[in-house]
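On a predicted model such as this, the values are computed, not experimentally measured, just so you know. The residues of the chain are indexed from 1 along the displayed sequence. When reading the values below, keep in mind they use all heavy atoms of this one structure, side chains included, and skip hydrogens, waters and symmetry mates.
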Amino acid sequence: MDNFIKIMEAGGIVSVPLLIASIAGLALIAERLFFWFRVNRRQGRMVREVLQLYRQDPDLAIKKAQMNADLPLARIFLEALELDDPNPEEFRLALESAAQAEIPLLKRFNVVFDTIINLSPLLGLLGTILGLMESFASLRLGDVGGSNATGVTGGITEALVSTVMGLVVAIFIQVFANTFRSFYMRQIALIQEVGGQLELLYRHRYERDRGEQKYAPTR
């Protein structure tokens, strides 16, 4: 704890906003980790079961999706499956609109992460400039022996520590932000894939019930 206080003091005034940014970033990272852990752990199995049940009995598929309504794909499925006898075009539009509605949740806090990543190095640079200004202010040209050594070394320390703090915060947040973006891209691809599979299953059932030409079954 004493070392932490010393580091904060050495970083100067910019260490306070950098500390706030790091705490906020850690809290948001924890929320996103919990969200993506839950989604990645349960959603794949849920999708397989819903598609399998839909081939047998759409009502069972709806019940299965309702049991997992905290997952994005389950909510997307329900928007279409709970429609009252839609035609294939209405079913597709329901899937697409529901998918669009889930995007903000999947991209949640991306703007905040980007803001922290961009501002942290700038705050570190500001601390560097302030530290160097303090060092120069402590120097007396032509009187090296009379210079304020404490002020010079303190200013240099502030310049170095603030720079390091800004870079550490930015790099740490960047690693997790990139990880969450990769999860988001994979999720979008999965939504498109399984949404298309469900739409084909519905078209097959819709036209079979009306005695029309059958579509090729999905895999």
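The minimum heavy-atom distance linking Leu78 with Ala69 is given by the pair CD1-CB, 4.4 Å. Of all heavy-atom pairs between Arg55 and Arg205, the closest is O-NH2, 3.3 Å. Residues Ala65 and Ala74 approach most closely at O-CB, 3.6 Å, considering heavy atoms. Between Pro17 and Leu123, the shortest heavy-atom contact is CB-CD1, 4.0 Å. Nearest heavy-atom pair across Tyr206 and Pro86 is CE1-O, 3.5 Å.
For Gln187 and Gln43, the side-chain atoms include at least one donor-acceptor pair closer than 3.5 Å.
Under the side chain to side chain contact (heavy atoms under 4.5 Å, CB included) rule, Val112 has a single partner from Asp114, Ile116, Asn110, Thr115, which is Ile116. Of the residues listed (Leu73, Leu95, Ile103), the one engaging Ile191 in a side chain to side chain contact (heavy atoms under 4.5 Å, CB included) is Leu73, and it is the only one.
Side-chain N or O atoms of Asn68 include one that pairs as donor or acceptor with a backbone N or O of Lys64 at under 3.5 Å. The closest donor-acceptor contact from the side chain of Ser182 to the backbone of Thr179 lies under 3.5 Å. Between the side chain of Arg181 and the main chain of Lys107, no donor-acceptor pair closer than 3.5 Å is present. No donor-acceptor distance shorter than 3.5 angstrom exists from the side chain of Ser162 to the backbone of Val14, with no hydrogens or angles considered. In this structure, Arg42 contributes its side chain and Leu71 its backbone to no donor-acceptor pair below 3.5 Å. Formation of a donor-acceptor pair under 3.5 Å by the Glu90 side chain with backbone atoms of Asn87 is found in this model.
Here Phe77 contributes atom CZ and Arg75 contributes atom CZ; the two are 12.5 Å apart, rounded to the nearest 0.5 Å. Here the CD atom belonging to Glu31 is positioned 13.5 Å from the CG atom belonging to Leu26, to the nearest 0.5 angstrom. Note that the CD1 atom of Ile117 and the CG atom of Asn178 stand 7.0 Å from one another [nearest 0.5 Å]. The CD1 atom of Ile173 sits 12.5 Å away from atom CZ of Phe109, with the distance rounded to the nearest 0.5 Å. In this structure, OG in Ser22 is found 7.0 Å from CE in Met165, a value given to the nearest 0.5 Å. Here NE2 of His204 is found 8.0 Å from CG of Leu201. Values are rounded to the nearest 0.5 Å.
The environment of Leu83 atom CG is dense: over 12 non-hydrogen atoms of other residues, nucleotides or ligands sit within 6.0 angstrom.
The closest side-chain heavy-atom distance from Leu18 to Val168 is not below 4.5 Å. Residues Ile29 and Phe172 form a side-chain contact, since some pair of their non-hydrogen atoms from C-beta on lies under 4.5 Å apart. Side-chain contact between Glu193 and Ile188 is absent, with no heavy atoms from C-beta onward closer than 4.5 Å. Between Phe176 and Leu28 the shortest side-chain heavy-atom distance does not fall below 4.5 Å. Annotation: side chain of Arg92 is in contact with side chain of Glu96 (closest heavy-atom distance under 4.5 Å). By the 4.5 Å heavy-atom criterion applied to side chains, Pro72 and Leu106 are counted as neighbours.
The aromatic rings of Tyr202 and Tyr54 are tilted relative to each other, their planes meeting at an angle between 30° and 60°. In this structure, Phe183 and Phe180 have tilted ring planes: the angle between them lies in the 30° to 60° band.
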Show your working on side-chain contact (heavy atoms from CB on, under 4.5 Å) between Ser97 and Glu79 and close with a plain yes or no. CA-CA 9 Å; Ser97 61; Glu79 286 292 327; 5.8 Å; no
How far apart are the C-alpha atoms of Glu199 and Arg203, what are their side-chain angles, what is the distance that settles it, and do they pass the salt bridge (charged side-chain N to carboxylate O under 4.0 Å, His left out) test? CA-CA 6 Å; Glu199 181 185 352; Arg203 286 179 179 269; 3.3 Å; yes
